[in-house]
Enquirer: 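This is the structure I want to talk about, given as structure tokens.
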Amino acid sequence: SSGNATVVDASGLDFGASAVGGNLVATATTGNITDSGALAITGTSAFTTSASDADIALTTTTNAFTGAVSLNTTGGGGNAEIYIGTTNLVFGTSSVGGNLTVTTGSGSAVTQTGVLTVDGATDITANDGGNNIRLEGQENVLTGAVSLDGWNVRLTNAKALELGTIDSRALELTARGAITQTVPSVITSVGSSTIIAQNSAGNTDYDVTLENEDNNFQGALILTAGNV
């Protein structure tokens, strides 16, 4: 079946085990969106909490989203958390007012087709570091600290980039502003690392300040920056 599903609830939404052959659009106007059973969505998925500080928490470990997933919350306390079982997670255009937490299971990479905007912290783990995180295809707007645990890790940010803990086998980071890291964070890159702090026109460089003595760049480190 390829039928679509649209659900709007004046309070919160709690999904039991559900399968949609087409696209899913789910909106909670005053409460949270959660799941108590696995979601299997063949088409695209769009989840929106309209109330300020309402959360999206899709944490069933066997969730399967084949199409692009959009997550939208408002307010600094409007967090979004999603767990994917065995399918790749493809982000559609998303705007999260709070923190974003992503965990994928075996064989599941993280990619995107739309811009990812997160006002709070971003924490993405792809198969316990065993799969790729490829978020370099859009000018993302990530404001809080960004932590990434993946194999081939790539990210483009449309503004300054503050790094949390990074664990990768190969690393490519591009920011349209300075690149820094939080005080307790450690950056580990087993392979080569390319770090670019430069505007999109390529005519202005920004500073890169990564001063934790526990940072571990094991392969070649390539920098494009103003001051390092």
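It should be emphasised that the depicted structure is a prediction, and the values quoted were computed from it without experimental measurement.
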Enquirer: With hydrophobic residues grouped by side-chain heavy-atom distances under 4.5 Å, do Ile166 and Phe217 end up in a single group?
Expert: yes
Enquirer: Rounded to the nearest 0.5 Å, how far apart are CD1 of Ile187 and CD of Gln181?
Expert: 4.0 Å
Enquirer: Can you tell me how far OG1 of Thr34 sits from CZ of Phe47, rounded to the nearest 0.5 angstrom?
Expert: 11.0 Å
Enquirer: Quick test of your reading: applying salt bridge (charged side-chain N to carboxylate O under 4.0 Å, His left out), list the pairs with at least one residue in residues 203-228, sequence neighbours left out, ordered by first then second residue.
Expert: none
Enquirer: Can you tell me how far the OG1 atom of Thr188 sits from the CG atom of Asp167, to the nearest 0.5 Å?
Expert: 5.0 Å
Enquirer: Of the options Thr111, Val153, Thr156, which is the one that meets Glu136 in a side chain to side chain contact (heavy atoms under 4.5 Å, CB included)?
Expert: Thr156
Enquirer: Step by step, work out the side chain to side chain contact (heavy atoms under 4.5 Å, CB included) result for Ile195 and Leu221.
Expert: CA-CA 8 Å; Ile195 299 176; Leu221 177 59; 4.1 Å; yes
Enquirer: Test Ile82 against Phe65 for side chain to side chain contact (heavy atoms under 4.5 Å, CB included), laying out the working first.
Expert: CA-CA 11 Å; Ile82 188 167; Phe65 297 98; 4.0 Å; yes
Enquirer: With rounding to the nearest 0.5 Å, note down the distance linking CZ in Arg176 to CG in Asn199.
Expert: 7.5 Å
Enquirer: Between the side chains of Ser108 and Asn127, does any donor sit under 3.5 Å from an acceptor?
Expert: no
Enquirer: Tell me if a side-chain donor or acceptor on Asn88 pairs with a main-chain N or O of Ala109 at a distance below 3.5 Å.
Expert: yes
Enquirer: Quick check on Asp9: does its CG atom have over 12 non-hydrogen neighbours (other residues, nucleotides or ligands) under 6.0 Å away?
Expert: yes
Enquirer: As an exercise, state the distance from CG of Leu71 to CD1 of Ile56, rounded to the nearest 0.5 Å.
Expert: 5.0 Å
Enquirer: In the single-linkage hydrophobic clustering (I, L, V, M, F, W, Y; side-chain heavy atoms under 4.5 Å), do Val110 and Tyr83 co-cluster?
Expert: no
Enquirer: Between Ser18 and Leu39 (side chain of the first, backbone of the second, donor and acceptor by atom type, cut-off under 3.5 Å), is there such a pair?
Expert: no
Enquirer: Suppose we screen for salt bridge (Lys or Arg N to Asp or Glu O under 4.0 Å). Which residues come up paired with Glu172, at least two apart in sequence or across chains?
Expert: Arg154
Enquirer: Heavy atoms, side chains only, cut-off 4.5 Å: are Thr143 and Lys159 in contact?
Expert: yes
Enquirer: If only atom types and distance count, is the side chain of Ser2 paired as donor or acceptor with the main-chain N or O of Gly22 below 3.5 Å?
Expert: no
Enquirer: Partners of Gln112 by side chain to side chain contact (heavy atoms under 4.5 Å, CB included), sequence neighbours excluded?
Expert: Phe91, Leu116, Leu135, Gln138, Asn140
